[in-house]
Amino acid sequence: MSDCLFCKIVAGDVPATKVHETETTLAFRDINPQAKVHVLVVPKTHHEDVVELAAADPQLLADVVATGAAVAKAEGIDVSGFRFVFNTGEHAGRTVFHAHLHVLGGEQLGLFGRPTG
């Protein structure tokens, strides 16, 4: 989609700090990190959210999760622990309408994100 930020990142039209790439996925650092390690994993083809992605292409969803696991290992958080998050819908706080997986870790996480207090 021409107006999708993540499609523009995949196409190379918008810069991003790439962490990992496969034939079907791209992983890059979040510009507003919510943990010491905060990487986004996107399918290279546009799908509005994870529900649509799962219905349209279950293998691609599996690729996104596998890339998330590869990112966790590459970032050295595979042993200490990490979190995968998909935000779907307005109440989840989704701001970009392209399915994406958040890989969070590198520090003790609170209930969701960094600990408070």
Side-chain angles (χ1 to χ4, degrees):
M1 295 185 69
S2 62
D3 61 339
C4 173
L5 174 62
F6 289 169
C7 286
K8 290 177 182 178
I9 290 172
V10 168
D13 297 335
V14 171
T17 305
K18 293 180 185 179
V19 173
H20 189 81
E21 186 170 8
T22 70
E23 185 176 314
T24 59
T25 65
L26 178 65
F28 52 92
R29 299 213 183 276
D30 193 296
I31 62 168
N32 184 26
Q34 300 300 303
K36 185 176 177 186
V37 173
H38 189 168
V39 174
L40 302 177
V41 179
V42 302
K44 288 184 176 180
T45 57
H46 185 87
H47 296 275
E48 184 169 315
D49 59 36
V50 69
V51 175
E52 186 211 316
L53 173 59
D57 194 339
Q59 181 56 56
L60 183 54
L61 175 56
D63 293 350
V64 168
V65 172
T67 296
V71 166
K73 184 174 180 78
E75 294 291 310
I77 60 173
D78 56 321
V79 175
S80 61
F82 56 93
R83 183 174 291 150
F84 285 171
V85 176
F86 286 100
N87 294 320
T88 303
E90 180 182 346
H91 287 203
R94 178 179 59 160
T95 57
V96 178
F97 294 86
H98 183 123
H100 57 285
L101 171 67
H102 296 260
V103 181
L104 300 152
E107 63 183 302
Q108 181 64 53
L109 299 175
L111 182 59
F112 291 102
R114 289 189 173 139
T116 58

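Computed from a predicted structure; not experimentally measured.
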### Query
With sequence neighbours left out, what residues match Thr67 under side chain to side chain donor-acceptor pair (under 3.5 Å)?
Thr25

### Message
Could you walk me through whether Val41 and His100 satisfy the side chain to side chain contact (heavy atoms under 4.5 Å, CB included) test, starting with their C-alpha distance in whole Å, then the side-chain angles of each, then the deciding distance to 0.1 Å, before giving a yes or no?
### Response
CA-CA 5 Å; Val41 179; His100 57 285; over 6 Å; no

## Note on the structure
Gly106 and Lys36 have their tightest heavy-atom pair at O-CD, 3.3 Å

### Task
Please collect all salt bridge (charged side-chain N to carboxylate O under 4.0 Å, His left out) contacts where either partner lies in residues 69-78, sequence neighbours excluded, each pair once.
Arg29-Glu75

### Message
Are Ser80 and Ile77 packed together at the side-chain level, in the sense that at least one heavy-atom pair is separated by less than 4.5 angstrom?
### Response
yes

### Query
Between Val103 and Leu53, is there a shared hydrophobic cluster once you connect ILVMFWY residues whose side-chain heavy atoms come closer than 4.5 Å?
yes

### Message
Considering only residues two or more places apart or on different chains, which pairs with a residue in residues 7-32 satisfy ring pair (Phe, Tyr, Trp, His ring centres under 6.0 Å)?
### Response
Phe6-Phe28

### Summary
Nearest heavy-atom approach of Leu109 to Ala35 is CD2-CB, 3.8 Å

### Same apolar cluster (I L V M F W Y, side chains within < 4.5 Å links), Val51/Val65
yes

### Message
Using the ring-ring contact (aromatic ring centres under 6.0 Å, His included) criterion, which residues pair with His47? Sequence neighbours excluded.
### Response
none

### Message
Do Leu26 and Val19 sit in one hydrophobic cluster, given that two such residues count as connected whenever their side-chain heavy atoms are within less than 4.5 Å of each other, even indirectly?
### Response
no

### Message
Hydrophobic clustering (ILVMFWY, side-chain heavy atoms < 4.5 Å, transitive) - are Leu101 and Leu104 grouped together?
### Response
no

### Query
Does any pair with a residue in residues 41-54 pass salt bridge (charged side-chain N to carboxylate O under 4.0 Å, His left out), and if so which ones, sequence neighbours excluded?
Glu21-Lys44, Glu48-Arg94, Asp49-Arg94

### Summary
Applied to residues 56-69, the salt bridge (charged side-chain N to carboxylate O under 4.0 Å, His left out) test, sequence neighbours excluded, yields none

### Query
At their closest point, which heavy atom of Leu61 faces which heavy atom of Ala54, and how far apart are they?
CD2-CB, 3.6 Å

### Where Ala99 and Pro43 come nearest, the two heavy atoms and their spacing
O-CD, 3.2 Å

### Summary
d(Leu60 CG, Thr24 OG1) to nearest 0.5 Å is 5.5 Å

### Task
Check the pair Leu5 / His98 against side chain to side chain contact (heavy atoms under 4.5 Å, CB included), numbers first and verdict last.
CA-CA 8 Å; Leu5 174 62; His98 183 123; over 6 Å; no

### Query
Linking I/L/V/M/F/W/Y whenever any side-chain heavy atoms sit under 4.5 Å apart, do Val50 and Val96 land together?
no

### Task
Might you work through the side chain to side chain contact (heavy atoms under 4.5 Å, CB included) test for Val42 and Ile9, ending with a clear yes or no?
CA-CA 10 Å; Val42 302; Ile9 290 172; over 6 Å; no

### Query
Looking at the rings of Phe82 and Phe84, which for Trp means the six-membered one, are their centres under 6.0 Å apart?
yes

### Task
Kindly compute the distance separating CD (Gln34) from CD (Glu107), expressed to the nearest 0.5 Å.
10.0 Å

### Straight-line distance of Asp30 CG to His102 NE2, nearest 0.5 Å
6.5 Å

